[in-house]
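Keep in mind the model is a prediction, meaning the values are calculated, not measured. Positions are given from 1 along the sequence.
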Amino acid sequence: MVEDVVQQADDLIAKGMSGSRDEMASRLAVVSAYRLAEYWEPFVGPDGRFVEGTAFDRVWARYAFDRRLRLLIFDAIERIEVCLKSQLIGYLGNCNDISKMTFGATRRCFEAASATEVKSPIAKVFGVHHVVLSSWLESLLLLRNVVAHHGRVWNRQIGAQPKIPKKDAAWHAPVEVLGDRVFVLLTICRHCLRKIAPQSAWQDRLKALLADYPEVPLSAMGFPSNWQDSPLWK
C-alpha cells in the first residue's frame, strides 16, 4: 500500500476521526483525500479537529450517496437534453448539426430562436413559460458540468438560481419550492420528466436512494421537511 495514504489515514485518526486505519488507507488510495475532504469538512470543528463521533464510514457514506445522486441527475438531464434537441430539430431542421451539439450549444441555440415560433411551443412541451425554461436550462447546464467533473452535489449552492413558475400552485403549496440548493433542481428534473417521459420511475429511484442513506441530512440539499407533500413529487 502506498505510504502516503497510510500517513493520511494516521493524520485523520490523529485529528479525531475514528475507523480502521487499513480501511481508510485502502479507500484513500482510490478516492483522494482532496476529494473526500469536501465530505468531511462539515465534521471539522473550529479547532481544526473532527467533532466527537466522526467516523470515516460516515464520511464515506456521504461520498457514496453523492456519487449515486450524480448518476441520477445525469440521467435526468440527459433525457431533458435529448428532448430539447429533438424539439429544436423539429422546428429548425439542421438535424445532423443539432444532434451533435453539446448541451451548452443546444441551450444557446434555444436562446437564439424565435420566442413565438420556437421557444414558446417547445416550452409548452415542458409545461412552463419559455422564460422559465431558459432559466432552468442555465441552471441545469451548470449542474451538469459539476456532475460531469465529479463535483460534490449534495450540499452545493447553485450558481444560477432558476425561476419558479409563479402561477402554478403546485410549486407553492403545500410546499414552497425555492432556494439555491439541489432540491429545486431535482424538482425541476422531476417536473420535466413527468412531462416528457411520464413512464419514468426516476422519482422512485431518487426516493430509494434517500432511503438507503437516512443519515445524510436532507436540509443541506434544501429539502423542506414536508417535501413529499408537494404535488410535484406525487
Side-chain angles (χ1 to χ4, degrees), residues 1-77 139-162 178-190 202-203 205-228:
M1 189 175 294
V2 180
E3 185 176 350
D4 283 351
V5 295
V6 175
Q7 183 59 57
Q8 289 168 5
D10 286 339
D11 291 343
L12 292 174
I13 293 170
K15 291 179 180 178
M17 183 179 289
S18 64
S20 163
R21 177 177 182 256
D22 290 343
E23 182 183 7
M24 287 185 193
S26 177
R27 287 179 169 173
L28 287 166
V30 294
V31 180
S32 71
Y34 177 81
R35 186 172 297 279
L36 284 180
E38 291 190 300
Y39 301 94
W40 70 54
E41 189 275 334
F43 296 101
V44 177
D47 60 355
R49 291 180 55 81
F50 294 105
V51 298
E52 186 176 353
T54 301
F56 185 81
D57 283 348
R58 292 181 66 191
V59 174
W60 187 261
R62 291 194 181 185
Y63 166 77
F65 166 82
D66 199 51
R67 179 179 179 276
R68 288 177 57 184
L69 180 62
R70 288 197 302 271
L71 292 174
L72 270 174
I73 290 171
F74 191 86
D75 177 47
I77 294 178
S139 297
L140 290 174
L141 175 61
L142 292 174
L143 182 62
R144 185 194 180 281
N145 289 341
V146 171
V147 170
H149 291 90
H150 317 293
R152 186 192 78 257
V153 171
W154 78 273
N155 65 347
R156 179 179 291 274
Q157 193 170 16
I158 299 168
Q161 193 166 331
L178 44 75
D180 58 359
R181 298 283 172 167
V182 73
F183 172 71
V184 67
L185 292 184
L186 292 174
T187 306
I188 287 170
C189 288
R190 163 61 175 149
W202 182 86
Q203 74 281 0
R205 292 160 57 203
L206 176 63
K207 291 177 181 179
L209 173 60
L210 300 179
D212 285 346
Y213 292 89
E215 289 191 3
V216 174
L218 298 185
S219 59
M221 294 187 285
F223 278 72
S225 59
N226 62 336
W227 69 276
Q228 294 196 67

Just so I know, are the side chains of [X] and [Y] near enough to count as touching, which here means a heavy-atom distance under 4.5 Å?
X      : Y      : value
Met17  : Phe43  : no
Ile188 : Pro162 : yes
Arg68  : Asp212 : yes
Phe50  : Leu12  : yes
Leu210 : Met221 : yes
Trp60  : Leu36  : yes
Pro217 : Trp154 : yes

For residues 142-151, which side-chain N or O atoms pair as donor and acceptor with protein atoms under 3.5 Å away, sequence neighbours left out?
unit_1	atom_1	unit_2	atom_2	d
Asn145	ND2	Leu141	O	3.4
His149	ND1	Asn145	O	2.8

**OP:** Start with the C-alpha gap between Val182 and Arg156, add the side-chain angles, then the distance that decides, and say whether side-chain contact (heavy atoms from CB on, under 4.5 Å) holds.
**Re:** CA-CA 7 Å; Val182 73; Arg156 179 179 291 274; over 6 Å; no
What pair of heavy atoms forms the shortest contact from [X] to [Y], and how long is it?
X      : Y      : result
Ala9   : Leu28  : N-CD1, 4.0 Å
Pro42  : Asn155 : CG-ND2, 4.3 Å
Gln8   : Ala33  : OE1-CB, 3.7 Å
Val184 : Gly179 : CG1-O, 3.9 Å
Leu72  : Leu206 : CD1-CA, 3.7 Å

**OP:** Walk me through it: do Cys189 and Asp75 pass the test side-chain contact (heavy atoms from CB on, under 4.5 Å)?
**Re:** CA-CA 10 Å; Cys189 288; Asp75 177 47; over 6 Å; no
Atom pair [atom1] ([X]) and [atom2] ([Y]), whose distance is rounded to the nearest 0.5 Å:
X      : Y      : atom1 : atom2 : value
Arg21  : Phe56  : CZ    : CZ    : 13.5 Å
Trp40  : Tyr63  : CH2   : OH    : 12.5 Å
Lys207 : Arg205 : NZ    : CZ    : 14.0 Å

**OP:** Can you sort out the partners of Arg67 under salt bridge (Lys or Arg N to Asp or Glu O under 4.0 Å), two or more places apart, ordered by chain and number?
**Re:**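 With sequence neighbours excluded, Arg67 shows a salt bridge (Lys or Arg N to Asp or Glu O under 4.0 Å) to no residue whatsoever.
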**OP:** Enumerate the residue pairs fulfilling salt bridge (Lys or Arg N to Asp or Glu O under 4.0 Å) with a member in residues 37-62, sequence neighbours excluded, ordered by first and then second residue.
**Re:**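 Every salt bridge (Lys or Arg N to Asp or Glu O under 4.0 Å) pair that includes a residue of residues 37-62, provided the two are not neighbours, is Arg27-Asp57, Glu38-Arg152, Arg58-Glu215.
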**OP:** For this output row, return yes or no: ring centroids of Phe223 and Phe183 closer than 6.0 angstrom.
**Re:** yes
Original post:
Salt-bridged, Lys15 to Asp11, with N to O below 4.0 Å?
Top reply: no
Original post:
Going by distance alone, is a donor N or O of one side chain under 3.5 Å from an acceptor N or O of the other, for Asp180 and Gln161?
Top reply: no
Original post:
What's the verdict on side-chain contact (heavy atoms from CB on, under 4.5 Å) for Trp202 and Leu186, showing C-alpha distance, side-chain angles and the deciding distance?
Top reply: CA-CA 10 Å; Trp202 182 86; Leu186 292 174; 4.0 Å; yes
Subject >> Worked verdict on Leu69 versus Tyr213 for side-chain contact (heavy atoms from CB on, under 4.5 Å) >> reply: CA-CA 11 Å; Leu69 180 62; Tyr213 292 89; over 6 Å; no
**OP:** Indicate yes or no for a side-chain donor-acceptor contact from Ser18 to the backbone of Thr54 under 3.5 Å, with no hydrogens or angles considered.
**Re:** yes
